Amino acid sequence: VTARITHASPAAAYAHSPERLWEGYDSVNFGANEAAQGCTDIARQLVSRSPPIDLLLGGGRKFFYPKTKADDENPSLNGVRTDNISLIDDLWKGRYIWNKTELKKIVLGSPEPLLGLFSYDHMRFETDRIRNPKEEPSLSEMTSFAVEHLLMKTQDKYGFFLFVEGSRIDHGHHYTKARYALDEYVEFDNTIGEVKRILKDKGVLDDTLLVVTADHSHMFSFGAGSARGSNIFGFATLENANVSDIDKMPVNIIAYGNGPNFPATRNRTYLDSIDFNSTEYRQPAALPLIEETHGGEDVAVFAHGPWSHLFTGTMEQHTIAHKMAYAACWDDEIKTEIIKGNGIHVLIVCAFQLQFHVETVQQSSLEILQAVSFETEAASIIKEQEKFIQLLNDIVLANVFPQRIPADGILFNLAEHQATMIKDQTKASWVHKRML
Ligand SMILES: [Zn+2]
């Protein structure tokens with residue numbers, strides 16, 4: 001990723017936190033109070049995982065070092081941790097690198113977990129990086145390394161899951177600097193192309209599910225009847241009219257629904273003087289805000305490879321992860337984990353906890369129990385829980401909605417697995433009392 005590796009989306013791939021700003025123990029957003037309540041900052045969660053994550057590349061060194069330690073690249077900057085712990089030196093159980101020269105030296109497929117933090121904060125925008133790359137790899141360079149490294153490491157046998165984020169497309173839009181956002185997007189597109197090329201070279205493209213999407217859109221729009229070949233950062237040709245039919249001034253192709261360039265100056269001298277390719281230019285906004293906001297419309301999901309046909313039509317966002325897990329055959333593994341890890345008893349306890357929000361605790365517990373109750377082993381564990389069976393029957397008989405649906409399903413599965421016991425309804429309290 002090109003953001004701090006503890007930032008929103010990458011953090012969601014490995015940490016559990018009720019607050020996105022708990023990136024590090026900085027005594028600003030996360031400090032003694034949060035730690036005393038048993039919480040762990042996101043950077044610390046990252047380095048504490050056991051076994052360690054195989055490969056992590058991104059920015060955000062500051063949350064990994066104490067205030068007393070100077071940054072690897074910029075000695076004038078210090079870490080921000082106030083708990084006096086260097087996560088890199090004290091806790092990380094793998095190799096650590098912070099520049100491109102070291103990345104190039106890594107032996108592809110080497111077994112040691114690798115953490116590469118290439119920037120003190122977020123990595124630079126690609127538009128700026130490409131002018132003076134210094135020791136910072138691009139998104140496509142990091143991703144190409146990751147794919148080749150993980151292919152070697154798994155020797156094409158076990159496969160891998162890789163999360164890649166063109167993190168700063170979002171930041172360019174928040175600043176309403178479309179030049180930054182679109183250059184980031186081009187690099188993201190290059191990255192997808194590079195990944196496909198490598199997978200094809202290695203003969204595994206058709207065995208790999210690629211899913212490309214966004215976590216949200218932006219208040220970003222473009223159009224205005226522009227002719228082919230127009231500079232998208234500049235003015236529209238407006239079907240050859242070239243100026244607005246209201247104020248007779250040129251009209252931008254790109255505009256934001258909200259943002260800082262409000263009200264956008266509209267006099268000819270100023271409009272003629274704009275350098276549209278500059279990273280300083282902010283496109284006009286319809287409503288005033290210091291930072292432009294995310295957009296609310298649906299985003300696209302593109303998929304290629306095995307089970308990619310599941311990613312068609314309109315879908316609820318959470319289904320994406322489930323479809324990826326299904327394609328990777330993790331579905332059955334999760335069921336096995338629940339059964340072997342005593343998860344059924346925990347879920348049954350949860351199903352009785354009516355003091356919590358019913359739909360998120362009882363309903364979810366029942367749904368997971370329904371999913372695992374197809375397994376004989378799980379069914380035999382569940383059927384011994386007499387009070388739980390009674391609860392299921394009560395839910396079904398009282399027609400409590402929506403819990404009735406998974407309750408019905410569990411009872412049906414138990415009946416299927418234990419057909420012999422159905423014959424002896426009077427003795428067995430668990431027996432499914434309803435005909436389905
Ligand atoms: Zn954002």
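FYI, the numbering just counts along the sequence from 1. For ligands, and for the atoms within them, numbers begin at 1 and follow the listed sequence. Bear in mind that the values here come from a model prediction, so they are computed numbers and not experimental data.
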From L391 atom CG to L366 atom CG, the distance as rounded to the nearest 0.5 Å: 7.0 Å

Any residue meeting ring pair (Phe, Tyr, Trp, His ring centres under 6.0 Å) with F276, in chain and number order, not counting sequence neighbours: F235, Y281

For the Zn ion (ligand 1), every protein N/O/S atom that sits closer than 2.8 Å, waters excluded: D170 OD1, D170 OD2, H174 NE2, H294 NE2

Side-chain donor/acceptor of K202 to backbone N/O of L151, under 3.5 Å: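 Looks like no, no N/O pair under 3.5 Å.
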
T176 side-chain N/O to H173 backbone N/O, donor-acceptor pair under 3.5 Å: no

Cation-pi geometry met for K323 and Y326 (6.0 Å, 45°):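 Negative - K323 is either too far from the ring of Y326 or too far off its axis.
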
R282 and Y175, any side-chain heavy atoms less than 4.5 Å apart: yes

